[in-house]
Amino acid sequence: MNYSPKTPEYPAYTVVKDIPTLKSVIKPLFKAKVIALDCETTGLDPLTDKIRLIQIAVPNYPVVIIDLPAIYKHNNVEHNTGDRRTNISRLLLNKLFCNSALKIAHNAKFEWQFLNQAGLQIAGRFFDTQLAYQVLNAGIKTSASLENVTRKLLRLQLDKTLQTSNWHQNLTPEQLQYAALDAAILLDLYPILVKKLKQANLLKIAQLEFYCMPVVAKMELNGMLFDVSQWHKLGAKLEADKINALQQLKQLRLVGKSQLSLLPELTDTVNPNSSQQVLAAFQAMGIPVQSTNQKDLVPLVNQYPIIKALLDYRHLAKITATFTDSLPKHIHPKTGRVHPNYYQLGARSGRFSCRQPPLQTIPRDAAARSCFIAAPNYQILKADYSQIELRIVARLSGDAKMRKAYRQGADLHKLTAALVTGKRITEVTEEDRRLAKAINFGLIYGMGAAKLRVYAETKYGVTMTLESAKAFRTRFFDAYSGVTKWHETIKKAYLRGVKESRTLAGRRRRWADKPRLAEMLNHPVQGLNADINKLAMVKLVKPLSRTNARLICVVHDEIVLECPENEIAQVSRILHRCMVAAAVKFLNPVPVVVDITVGDSW
DNA sequence: TTACAACCTTTA
DNA sequence: CAACTAAAGGTGGTAA
């Protein structure tokens with residue numbers, strides 16, 4: 001079965017450089033039910049780079065290669081400079097791109113953004129061959145590049161060496177051939193992917209992703225406005241704090257000449273950023289640690305002042321290096337905003353991942369988040385699902401106590417606190433509730449007693465013995481017997497050797513090797529959270545289009561909009577309605593709560 | 001010199 | 001038998 005991939009045949013093509021040719025060759029394209037699209041561009045940034053070619057492939061017709069700069073020159077419009085005047089070429093192309101045909105592209109977000117910036121619109125039904133491949137292979141390590149997808153599904157080897165060739169000058173026949181093939185090949189990939197999606201019962205999830213694609217494309221172009229002077233102020237303070245923390249460390253003799261001259265490796269300066277050196281120094285000082293990570297050090301902070309100093313320094317070093325120094329590099333010179341890259345299927349669970357900058361890991365302190373601001377006369381609307389993962393667990397397990405608590409609008413953490421401590425709800429203290437939070441979040445994915453003890457201490461500041469951790473664990477599963485049964489069901493599948501998991505919406509995660517039980521417990525929850533948030537984003541499109549609000553950020557269970565001040569009330573209602581509707585579809589009868597806040601910043 | 005895995009910390 | 005998940009990214013250390 002191991003054929004070596006063949007070289008594909010190059011399709012016929014027509015190059016379009018003027019309006020009369022465009023008018024004549026575009027006509028047959030309107031009859032097509034499917035249109036495959038690809039663009040060659042001068043770079044990867046839709047805000048500054050430009051389209052060089054648009055390739056359009058439909059069945060049984062030469063690939064139409066549109067030399068967009070040449071056409072625009074004919075029409076005397078500026079490309080990608082905000083010049084949005086209508087003209088004959090834009091009218092023709094928009095009519096085609098917004099018709100009822102299915103638009104096929106590989107990483108359609110890229111084409112969408114570049115067309116948008118060129119003053120063109122593309123709308124209607126999409127089929128993204130990259131997203132389709134990723135939906136099929138979620139959890140499996142495999143490249144979703146066009147080259148790899150073509151090799152895997154068609155056993156053809158594309159030659160991508162021309163992808164990064166010079167697309168500025170007059171194009172060679174080889175370049176045009178290459179460009180034509182990239183569009184034409186999509187027509188061959190499409191039916192195979194549809195068949196596979198149907199067979200795997202993944203068509204609906206793929207369509208959710210396709211509907212989501214333009215929303216994400218627009219969100220990235222929108223970006224977030226960033227108050228760089230405020231950020232620098234914050235950065236300066238953190239930098240000063242960091243230097244102070246370093247001084248503390250030095251006074252406690254971690255950094256600088258060590259007094260332990262018997263150990264030659266410690267006579268040199270210890271670099272506090274090196275876990276290796278720090279560990280050696282700690283051990284030489286007689287501190288009993290095997291590692292220098294938080295969970296091992298936190299229990300010792302009171303005993304050893306130097307550990308407190310190190311953790312303080314680490315925190316500030318992390319914040320300054322990862323955020324204060326690097327975030328301003330991502331401010332786009334053209335917009336003054338940060339435009340991260342969202343990957344719709346960047347996480348195995350179906351969640352988004354986000355890079356450059358990683359907006360999903362910005363520290364939660366008000367100081368940091370307040371640097372992400374609304375434009376003048378706008379406000380930031382932030383909406384997040386309340387305890388969505390626990391509600392999903394309540395829905396999936398059908399656990400009676402959990403469902404009753406949510407139905408009554410009770411505080412589930414307090415309930416858990418009462419159940420594991422044996423107190424009445426009214427007697428539960430703040431500390432008890434913190435303990436319960438650690439228990440709820442940890443145990444639903446199968447955390448053991450030993451980890452629970454450590455986790456409760458490092459993340460929630462609650463100390464307990466291993467025995468009490470064991471007892472809490474037992475009491476949790478006794479109290480929530482529905483959760484216990486749900487875990488047992490998944491464990492049975494796990495023991496049978498099942499190597500895939502589905503969310504309620506049908507999203508699949510696969511494992512190439514043996515899954516871990518916790519991964520199988522996690523996917524139905526985290527994956528459904530992703531399904532719900534994506535559905536909410538899709539539901540928002542139409543009602544939001546009637547307002548001037550724009551989507552600027554999503555973080556797993558949170559949606560952030562930038563909204564004109566005079567539309568806050570209206571848009572809040574829309575946001576609330578769409579998010580609740582998306583979640584209710586899957587969580588009913590477990591109630592859904594969406595919290596919305598309004599402010600000048602994130 | 002560069003490429004990569006290990007370690008650590010940040011988020012939901 | 002017990003097992004918390006999903007990411008991005010900076011830094012130091014080492015292998016090529």
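Convention: sequence-line order gives letters A, B, ...; per-chain numbering from 1. For clarity, every value in this text was computed on a predicted model and none was experimentally measured. For the numbers below, each heavy atom of this structure counts, side chains included, while hydrogens, waters and symmetry mates do not.
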Using 30° and 60° as the class boundaries, would you call the ring planes of A:Tyr455 and A:Tyr460 parallel, tilted or perpendicular? perpendicular
With C1' as the reference atom in both, quote the distance from B:dT11 to C:dA3 in angstrom, rounded to an integer. 23 Å
For B:dT10 and A:His315 - does any side-chain N or O of the residue sit under 4.0 Å from the phosphate oxygens OP1/OP2? yes
Solution key, residues 213-228 of chain A side-chain donor-acceptor pairs under 3.5 Å, sequence neighbours excluded:
residue  : atom : partner  : partner atom : Å
A:Glu220 : OE1  : A:Gln113 : NE2          : 3.0
A:Glu220 : OE2  : A:Lys109 : NZ           : 2.7
A:Glu220 : OE2  : A:Tyr342 : N            : 2.7
A:Asn222 : ND2  : A:Lys218 : O            : 3.4
A:Asn222 : ND2  : A:Leu551 : O            : 2.9
A:Asp227 : OD1  : A:Ser229 : N            : 3.4
A:Asp227 : OD1  : A:Ser229 : OG           : 3.1
A:Asp227 : OD1  : A:Gln230 : N            : 3.1

Just by distance, no angles: are the side chains of A:Thr421 and A:Asp432 close enough, under 3.5 Å, to form a donor-acceptor pair? no
With distance as the sole criterion, do the side chain of A:Arg355 and the base of C:dA7 form a donor-acceptor contact below 3.5 Å? no
Quick one, which residues of residues 380-396 of chain A touch DNA chain C with a heavy atom under 4.0 Å? none
Between A:Thr361 and B:dA12, is there a side-chain N or O to OP1/OP2 distance below 4.0 Å? no
Does C:dA8 have its OP1 or OP2 closer than 4.0 Å to a side-chain nitrogen or oxygen of A:Ser353? yes
Please tell me if A:Arg351 has a side-chain N or O lying less than 4.0 Å from either OP1 or OP2 of C:dA7. no
Distance in Å, A:Phe352 CZ paired with A:Asn533 CG, rounded so as to fall on 0.5 Å steps: 7.5 Å
Do any side-chain nitrogens or oxygens of A:Ser274 fall under 4.0 Å of OP1 or OP2 in C:dG13? yes
Expected output is a numbered-order residue list: members of residues 444-466 of chain A with a heavy atom under 4.0 Å from any atom of DNA chain C. What is it? A:Tyr445, A:Gly446, A:Met447, A:Gly448, A:Lys451, A:Tyr455
Taken to the nearest whole Å, CG/A:Asn271 to P/B:dC8 is 14 Å
Please work out which residues in residues 492-506 of chain A have a non-hydrogen atom less than 4.0 Å from an atom of DNA chain C and list them by number. A:Tyr494
Would you say the side-chain atoms of A:His413 and A:Asn440 include a donor-acceptor pair closer than 3.5 Å? yes
Can you tell me if CZ on A:Phe110 sees more than 12 non-hydrogen neighbours from other groups inside 6.0 Å? yes
More than 12 heavy atoms of other groups within 6.0 Å of A:Lys485 NZ: no
Checking side chain to side chain contact (heavy atoms under 4.5 Å, CB included) between A:Leu396 and each of A:Thr489, A:Thr503, A:Leu504, which is the one that passes? A:Leu504
Figure out the OH/C1' separation between A:Tyr313 and B:dT9, and round it to whole Å. 13 Å
Roughly how far apart are A:Lys382 NZ and A:Leu575 CG, rounded to 0.5 Å? 12.5 Å
What residues 512-540 of chain A contributes to the DNA chain C interface at heavy-atom separation below 4.0 Å is A:Arg516, A:Leu517, A:Ala518, A:Glu519, A:Asn522, A:Gln526
With 3.5 Å as the limit, what N/O pairs link the protein to nucleotides 2-5 of chain B?
none

At what distance, to the nearest 0.5 angstrom, does CG of A:Asn201 lie from CZ of A:Arg502? 5.5 Å
Does A:Gln356 put a side-chain nitrogen or oxygen below 4.0 Å from OP1 or OP2 of C:dG9? no
For the residue pair A:Ser349 / A:Asn522, report whether a side-chain donor-acceptor contact shorter than 3.5 Å exists. no
